[in-house]
Structures are given as structure tokens and as C-alpha cells.
Amino acid sequence: MAHRNVPLVRASLALALAGCGTAFAQADSTALPRVVVETTAPPAELRRLGIDSLSEAPLAETPLSAGVIDAERLRSRGVQSLSQAIREEPSASDAYNTFGYVESLVVRGFRLDSLLNYRRDGLPVSNHTPVAMENLEAIEIVKGVAGVLGGSGSPGGLVNYRLKRPTEAPLRMLLAEVSERGSLLAQGDFGGRFGAGGAFGYRINVAANERRPYPQDADGRRGFVSGYFDWRLNDATTLVAEFDYQALRQISVPGYGLLDTDGDGIAETLPPPISPRLNLNAQPWSLPFESKAAAGSLRWLQKISRDWRFELQAGGQSIRTDDRVAFPDGCSSGPAYVYPGLCGNYDVDVYDFRSEDERRRTATFDALLAGAAVTGAVTHELRFGARRTRHTERFPPGQAYNFVGTTNVFAPVVLPEEPTASALNTQSDLTSSELSASDVLRSGPASLWLGARWVRLERSSVRSDGTEAVGYEQDFVTPWVALGWQPWAGGLGYLSWGRGVEIESVPNRADQFVNYGAALPALESEQVELGFKQVWAGGHALTLALFSIDKPYGDDVPQADGRVLRVAGAKQSRHRGLEAGGRFVAGPGLRLEGRLAWIDAKTTEAVDPAEVGKRTTNVAPFAASAGLAWTAPFAPGLELTSYLNYSGRKPVTADNSVELPSYWQWDIAATYRWLWSGRRMTLAAGIDNLTNRGYWREAPTEYWGGTYLIPAQPRLARLSIAASW
């Protein structure tokens, strides 16, 4: 399908490719290239989180579980999506992550709330738009109940996208990459300081993507630009202004489903892995998913004294989405109607789904006062905060979800389109007002961490015809307390307890839910965690964490008309687990890393008693990753990396009768750095899924009850060249 031209894509591609070409043209062909080994950032354990974590202490000295994936690692692995980024973090997994749609995460077995569990440089943002990687310094995943840090949200954790800051030394970087079936990526990264004493700082990133991914009929394109600017007025005052904008347009690739092989209307057979290159959204009238998103913030950072500082921040985000897909769901051509799933012969019904001009906005105002005090032999780190966030979702009066016929996975049928927008939409508002206070008390090797956040949630929803208006006002206090002990240098043991608040809305599916689209009352979750961290000289590190989380859900009560009524708090689950991670530096040229997560995720209460005691769907009881980085002694500047990921069997159905088999995937990469005519050159190559293993990667059950199968990517190769100076 032809796509409209995106000028930002063309301009950025030309800029990056021309810059790289200039680097080669000016090279001295008679001189041997000089090798350069770039310095790396300190390990994540020695840095503090970008999201406010109650203390100025580094992560290694904070009683929180968190995974940090920094920009250097993202770049070396050629990461272009959230799903790729989390492969090395076994506590995190996919939640219906496919091409041409928004990616979501599951952490500690809980799906994160797209409205409440994501942060951009510490400020709340909506996850209803694809994430750009070019301006990220790191992706931080704070695991577990984080009510004291984030107010409301899923107890799985918080994801913070930490932005790149201005560099102290001048930076100019241009990169060009080719991958898959001819996908092209061009990127520029520019930073530095100017003015008297370097008072003004800037960091500008631009990127453009011509996308030809491995699924057929899923081409697209993307353009991105961001800027981060600061002004150091004096030693005590800094002003910051930053923004980013991304435009993306790509055909979506929907998932598959279980098969009804015996014709009883229940899909209960897992099909063999289907080629990930097939795309069921390949009708002549299929339109691309489109997203245009802008975000930014203004910040005033003021140092009041040697021990106290004040921060004032205002942030905003605006997202416009056209969500359109020929969506395969259910099957009506067999002996009995099947939902969810496919008929035994791979027939599947197709619906013309179009929800255009979806507009989501987020506005946040945040104030923080932080400082230190001493009372006798006890030191205090004090924080007092206030935040107000408003989310609005505005949709057109109706959306299309119309049955247009039946096709077959292996024998596609051309079907007519039916774009009539006859299904009513629901408009919703959420305002969160928060006050927080915390104190970290330290005396010798012992520490006591106390925190609480008061949250007022004001929620409302109404259908686009003015009916079914629902509104709630609820107040919560989310406490958090931890005991820490540092028995020796580099070690920290801790025990923590906390509560969180999460919200839920009924899916906007009038054919399935009596109260479709309605906001439900907020609920409280609870977590206990026991952990230990150790950092040794030389870069070695070890982390361990045991946790138990209890979370209530909405559950569905059958009604006389065949639909269901979703009731808040009618379901409960308990997730218990062990997480471990470590790094061993075997010398200047060899680094080994490993992580694992064991999660016992079960339903403890449900409307249907048969679900009680069953494992949570799409959650592996065991997952692990291992990585190796080796700098070749015979070729300075050459680094070889290898990553191996493993996931255990995942339940597909609520009764656990169907499971995805366990799987593993092996990725490799090589990077060579050298100096050429004063420029630092980097040549990188990588192969993902080296053995070309075919398997089902995930099987999410969506909020409306549909269960889908997402295949793993095939073997993919990439090659990039970058020049920086």
C-alpha cells in the first residue's frame, strides 16, 4: 500500500547519510586507521534512578528492585522497540507486542496500566503511542508496588524513560543502518554547551525510518525529533526546556488464536508455529495505524542551600491516533461459532475496525522540596512533594467494528470493507492529586525508609451520546516502609512493605459487556519484599529479591442476555517470586551477565470457582537471560556480544489446559570502533534469533476476553555505520 510522504523522514535520512558519506570522503586513505575504545558509563548500580526514589543514594544502596537498560546497551543490540529492549530483563515480558501498534509490558506477572505506569523523565505519560529510542539515556524498570513513588498504577512496577542530557564536551554523531528486508534507519545525535562558562546546554536527536519489516504487507515509516536545553543561570539555578515529536505510520500485524479442532465451539488446540512473515491484515482496503505524539516539559531546579533543593516541573503530552485494522477474531464458518480462536481448518472471521482521530492528552504539574537534616546520631533525607495530573481521552462519536466475512490463514480471501462507525465511543477523564512525604533515617549501617503518598482520584466516563455517565471520587494513602542494613562495604540487605492503587475501565465492546466503557472504582494492592544487593570492586555485582504481591481485579458476572457485567474487585491474584541477577568481570576484555526470575502467579479468588488456584495466563514460571561481551585481544576496538534468552511454559487458557512450550533465543552482535581522519567510527552488525527458531512468543488474553498468539521473529540481520566527533 502506498504511503503519504513524511518530509521529516526524507530530510533526516538525507542528513545522516550525507554526514556519514562526508566522514569517509575526508578520510586519509594512506594512513592506517587508529583504534579507539570509547569509555562507558558507570554501572547502573552506582547511579541513582531518574525517577524520584526517595534518596540521592545510588541504586545499589536503595531498597528497591529495578532493572536499568542504558543507551549504550540499546545501541549495541540495535534495539528499535520496547519488546527488543526487555529481552535481557526476565521479570518483564510482552503484552500483545506486535508490529504497527502500541507496545505494553508485563512486569512480575502483572500487565502495566498504559495510563498510569509509564514515566518520561519522572513525569507521568500515556503509553498509547509507540516509544522512540533515539533520545533515551536509559529505560528504568522499577519492579513491584510503587505507590509511594508513582501514586496509582498496576503493582507490576513503573517504567521510566530517562532522557539524554546535554553533553559537557561537543558531540556530533550520525548513523545509518540497514536491516530486515531493506529497512533503513538514519539518526543524528548532537550535544554540547556554549556561552560564558558553558551556561547553555543542548541535546538534539533526529531520526527517520523507512520500515520494511519481516511480516508481509506491513511497510511503514517514522520520523522523530527531540531537543533538551538547559540554562545554568548560576551555581544554584538551572532552567530546563525539552520536547520530542514522533510521527509513525505502519500497517498493523494482528495475532492468531487457538484452534477448534473438534467443532464444539471451544478453541483448545495450540497450532504449530505459523510463519511470522504472514499478515492477516492484508485486505486491499487495509489502512495503516497512525500515531502523532508530542511531549515536553519546563523545569526550574533551584539549590536553596548546601543541603536543600527545590524543583518545579510542568509537563504535557498530546497523542493523536488512527487505529485501523482488518482484525481477525473468532470463527463462524464451523459447526459452532468459535470465540476466541479459529476454526480447525484455520478459518477466521474478519472485522473492519476503525477508530480514527483518537486524542489523548496528559498534563502534569509537579513540585518537590528535598534536603538533609541531622538529629543526634541520625541523618535524615527528607522529601515533600505535590503533583496534579490530568488525563483526558476524546474520541469521535463512533467507531467501526463490522463483520465483513471469513478468510483463511493459508488461503486468504478478499473481503469487502464496511467502515460505518456505528459503535458508540466512551469519553473519559482522570485527575490525580497527590501529596507525598518521605524520610530516610540512617545511623551507622542501619537505615529506615518511611514514605507515604495521599492520592485523590477523580474519574468520569460518558458515552458519546451522553448516556451511561459514571463518576468517582476516591481518596487513598499508599504507605511504604523499608528496613535496610549494610553489613559491609558494597552490601545492602532490606525488607520492605507497601501498598498501591490501580484503576480499571470496562472494554468498549458493547457486544460483550453490559457496562462497556465504564470506569470502575479504584482498588488497592499490597507487596512484601526481601532483598540483598552487593557491588564489588572491579565491577562485579549481585542482586536477589523475594516478593509477594496481592492484587484485586475486575471480573465478569454472566447476564441473562449472554453478555457479562464487569464488577470491580471480584477477582484476586497473588504473585510470589524470586529474582536474581549478577555480573562478573573476568578481566578488561570479558564481561559475563545473567538474570533469572521465578514467578508463582495464581488466581486466589474469582467469580468462576474453577479459576481459583490456576496460574495466571501468559506468565512464565521461570525466565532467564545470559549475556557475554568479549573484547578481542588480537583486534583492539573489536567487541563481540552474545545474548541467550529462555522462557518457561506459559498458560494460554484460564483453566491452564493449554500452554505455550518453553523456548530460547540466541542473538549475537559485533562492534568495531576506530579513529579515521579525526572521527570516531563505529561499524556494528548483529543477528537476532541466530538459529531461526520458530515458536510462539506470547499468548495474551486481552481485557475483552480475546486470546491471541504472537509468533517470534525469524532470523534477522542488521548492519550500521556511525561517525562521531
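As the structure is a prediction and not an experimental result, all values here were calculated from the model.
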Might you work through the side-chain contact (heavy atoms from CB on, under 4.5 Å) test for Ile204 and Phe229, ending with a clear yes or no? CA-CA 9 Å; Ile204 298 171; Phe229 310 95; 4.2 Å; yes
Under a 4.0 Å N-O cut-off, is there an ion pair linking Glu473 with Arg456? no
CG-CZ distance between Leu163 and Arg203, expressed to the nearest 0.5 angstrom: 10.5 Å
Asp439 side-chain N/O to Leu450 backbone N/O, donor-acceptor pair under 3.5 Å: no
Could you walk me through whether Leu457 and Tyr472 pass side-chain contact (heavy atoms from CB on, under 4.5 Å), step by step? CA-CA 8 Å; Leu457 295 176; Tyr472 296 101; over 6 Å; no
Is it true that atom CH2 of Trp497 has more than 12 heavy atoms of other residues, nucleotides or ligands lying nearer than 6.0 Å? yes
Any side-chain heavy atom of Pro130 sitting closer than 4.5 Å to one from Arg222? no
Beyond-backbone contact of Gln187 with Arg75, side-chain heavy atoms, under 4.5 angstrom: no
Can you check side-chain contact (heavy atoms from CB on, under 4.5 Å) on Leu448 and Leu483, steps first, answer last? CA-CA 5 Å; Leu448 174 63; Leu483 292 171; 3.4 Å; yes
Worked verdict on Arg383 versus Glu56 for salt bridge (Lys or Arg N to Asp or Glu O under 4.0 Å): CA-CA 11 Å; Arg383 273 173 163 73; Glu56 297 298 321; 2.8 Å; yes
When rounded to the nearest 0.5 angstrom, what distance separates OG in Ser548 from CG in Leu530? 12.0 Å
Non-hydrogen side-chain atoms of Asp357 and Arg320 separated by less than 4.5 Å: yes
How long is the span from the CZ atom in Arg162 to the CG atom in Asn135, to the nearest 0.5 Å? 13.5 Å
CD1/Ile503 to CZ/Arg459 distance, rounded to the nearest 0.5 angstrom? 4.0 Å
Could you check whether any side-chain heavy atom of Thr379 comes within less than 4.5 Å of a side-chain heavy atom of Val440, counting everything from C-beta outward? no
Rounded to the nearest 0.5 Å, how far apart are CZ of Arg360 and OG of Ser318? 11.5 Å
Do the side chain of Lys533 and the main chain of Thr62 share a donor and acceptor less than 3.5 angstrom apart? yes
Closest non-hydrogen atom pair, Ala386 against Leu435: CB-CD2, 3.7 Å
Are Asp322 and Arg249 ion-paired here, with the side-chain N under 4.0 Å from a carboxylate O? no
Answer whether the closest heavy-atom distance between the side chains of Tyr96 and Ser104 falls below 4.5 Å. no
Quick one, Ser126 with Gln317, criterion side chain to side chain donor-acceptor pair (under 3.5 Å). Give me CA distance, side-chain angles, the key distance, then yes/no. CA-CA 8 Å; Ser126 169; Gln317 181 192 43; 4.6 Å; no
How about Asn234: does its CG atom have over 12 heavy atoms from other parts shown lying under 6.0 Å from it? yes
Side chains of Glu529 and Leu64: closer than 4.5 Å at any heavy-atom pair? no
Examine the side chains of His380 and Thr375 and answer whether a donor and an acceptor come within less than 3.5 Å of each other. yes
NZ/NE/NH1/NH2 to OD/OE distance under 4.0 Å, Glu593 and Arg73: yes
May I ask you to say whether Arg47 pairs ionically with Glu140, meaning some side-chain N is under 4.0 Å from a carboxylate O? no
Counting only N and O atoms by type, is there a donor-acceptor contact under 3.5 Å from the side chain of Trp231 to the main-chain atoms of Gly201? no
Taking the side chain as C-beta and beyond, is there a heavy-atom pair between Arg299 and Asp121 under 4.5 Å? yes
Residues in ring pair (Phe, Tyr, Trp, His ring centres under 6.0 Å) contact with Phe289, at least two apart in sequence or another chain: Tyr101
Among pairs that include at least one residue of residues 428-437, which meet salt bridge (Lys or Arg N to Asp or Glu O under 4.0 Å), considering only residues two or more places apart or in two chains? Arg390-Asp429, Arg394-Asp429, Glu434-Arg453
Looking only at side-chain N and O atoms, does Ser433 offer a donor or acceptor that is under 3.5 Å from a partner on Arg388? yes
For residues Ala85 and Ile139, report the shortest heavy-atom separation together with the two atoms involved. CB-CD1, 3.9 Å
Measure across Ile304 and Phe310 and return the closest heavy-atom pair with its distance rounded to 0.1 Å. CD1-CB, 3.9 Å
Criterion side-chain contact (heavy atoms from CB on, under 4.5 Å) on Phe99 and Gln250, from CA distance to verdict: CA-CA 8 Å; Phe99 280 94; Gln250 185 167 12; 3.7 Å; yes
Could you tell me if the side chain of Glu137 sits less than 4.5 Å from the side chain of Arg165, heavy atoms only? no
Among side-chain atoms of Ser83 and Asp94, is any donor-acceptor pair under 3.5 angstrom? yes
Give, for atom CD of Gln302 and atom OG1 of Thr237, the distance between the pair rounded to the nearest 0.5 Å. 3.5 Å
Do Glu381 and Ser55 meet the criterion of a side-chain donor-acceptor pair at a distance under 3.5 Å? yes
Of the non-hydrogen atoms in Asn160 and Gly50, which two are nearest, and what is the gap between them? ND2-C, 3.7 Å
Backbone of Ser93 reached by a side-chain donor or acceptor of Arg87 within 3.5 Å: no
Any donor-acceptor pair under 3.5 Å linking the side-chain atoms of Glu134 with those of Ser226? no
Minimal non-hydrogen separation, Thr389 against Pro124, with atom names: OG1-CG, 3.8 Å
Return the orientation label for the His575 and Phe110 ring planes: parallel under 30°, perpendicular over 60°, tilted otherwise. parallel
Side chain Asn117, main chain Gly157, donor-acceptor under 3.5 Å: yes
Side chain of Arg309, backbone of Arg306: donor and acceptor closer than 3.5 Å? no
Grab the two heavy atoms, one from Ser81 and one from Glu103, that are nearest each other, plus how far apart they are. CB-OE1, 3.5 Å
Show your working on salt bridge (Lys or Arg N to Asp or Glu O under 4.0 Å) between Glu242 and Arg120 and close with a plain yes or no. CA-CA 11 Å; Glu242 56 81 17; Arg120 182 179 174 277; 2.5 Å; yes
Is a side-chain donor-acceptor pair under 3.5 Å present for Ser65 with Tyr494? yes
Salt bridge between Arg232 and Glu168, side-chain N to carboxylate O under 4.0 Å? yes
Between Gln80 and Arg211, a side-chain donor and acceptor under 3.5 Å: no
Please confirm whether the backbone N or O of Val125 pairs with a side-chain atom of Thr362, one donor and one acceptor, at under 3.5 Å? no
